[in-house]
Amino acid sequence: GTTTRALAQRAGVNEVTLFRRFGSKAGVLQAMGERVAAQSAGLTSVDLPDDLDLTLALERLAGAEVTGARRFGSVALRLAMESAGQAEVSAALGAGTARNRAAVAEFLHSRQASGQLRGDVPADLLAESFFALTSGLVLGRLLSGAEAASQAGSPPEESDDKELVGAVVSLFLAGARTDRSVSTQPPERLFAVRRDER
């Protein structure tokens, strides 16, 4: 609902400058989406030594993702809601998420190959689960008001995330770690068995 005139005034520029630079209000939203994607992409693809303990590696990845969600989550949520039906903005926002998910899936796949994580679940699905437990948790808290939003793009206030990160990594590993008691049946079969048992 904000006018381009109000945007230009807030930015301290002429409205014509805003149109020259962005073309339209949708162009402003797209540029914001691209900025958020560029600054948040790669947060979870930090370089990890191949021999780093699995739990420590996941804690580093989870810590980076939680920090990123706290820093950019409120802006990304607002952009997603404001830009419904604007493919360019959605694509810009999704690009950063896709890069992060691909990087985490690659890492998880390497740990599946080494036998540390169960191999009966696709690495992409494990990566989605990881994000549901990290950034998904933060975004859910932001939506419910249980967590205060940080100013757009600014670093979040200092808080002790160690306990939160440890808890989500523990939850993730409870379902993803290789365990002799875990069935090696395909996931479809596992779900069918569970439904039958009810």
Quick one: side chain to side chain contact (heavy atoms under 4.5 Å, CB included) partners of [X], sequence neighbours excluded?
{"X": "L54", "value": "L58, F107, R111, Q116, L117, L173, R177"}
{"X": "S144", "value": "A146"}
{"X": "D53", "value": "T55, L56"}
{"X": "D124", "value": "A105"}

- Task: Say whether, by atom type as modelled, one donor and one acceptor occur between the side chain of S129 and the main chain of L125 under 3.5 angstrom.
- Result: yes
- Query: Donor-acceptor pair, K162 side chain versus G63 backbone, under 3.5 Å?
  - Reply: no
Looking only at heavy atoms, what is the nearest atom pair of [X] and [Y], with distance?
{"X": "L18", "Y": "A8", "value": "CD1-N, 4.1 Å"}
{"X": "T3", "Y": "A6", "value": "OG1-N, 3.0 Å"}
{"X": "A123", "Y": "Q112", "value": "CB-OE1, 3.4 Å"}
{"X": "T178", "Y": "G115", "value": "OG1-O, 2.8 Å"}
{"X": "T4", "Y": "F19", "value": "OG1-CZ, 3.6 Å"}

- Give the cluster check for L171 versus F130: same hydrophobic cluster or not, with ILVMFWY residues linked at side-chain heavy-atom distances below 4.5 Å. yes
- Partners meeting ring-ring contact (aromatic ring centres under 6.0 Å, His included) with F22 (sequence neighbours left out): none
- Tell me, please, which residues at least two apart from T134 pass side chain to side chain donor-acceptor pair (under 3.5 Å). none
Does a side-chain heavy-atom distance below 4.5 Å link [X] with [Y]?
{"X": "V66", "Y": "L137", "result": "no"}
{"X": "E106", "Y": "R101", "result": "no"}
{"X": "R60", "Y": "V165", "result": "no"}

- Gap between atom CD of Q9 and atom CG of N14 - 0.5 Å precision: 10.5 Å
- Message: Listing request: all salt bridge (Lys or Arg N to Asp or Glu O under 4.0 Å) pairs with a residue in residues 11-20, at least two apart in sequence or in separate chains.
- Response: R5-E15
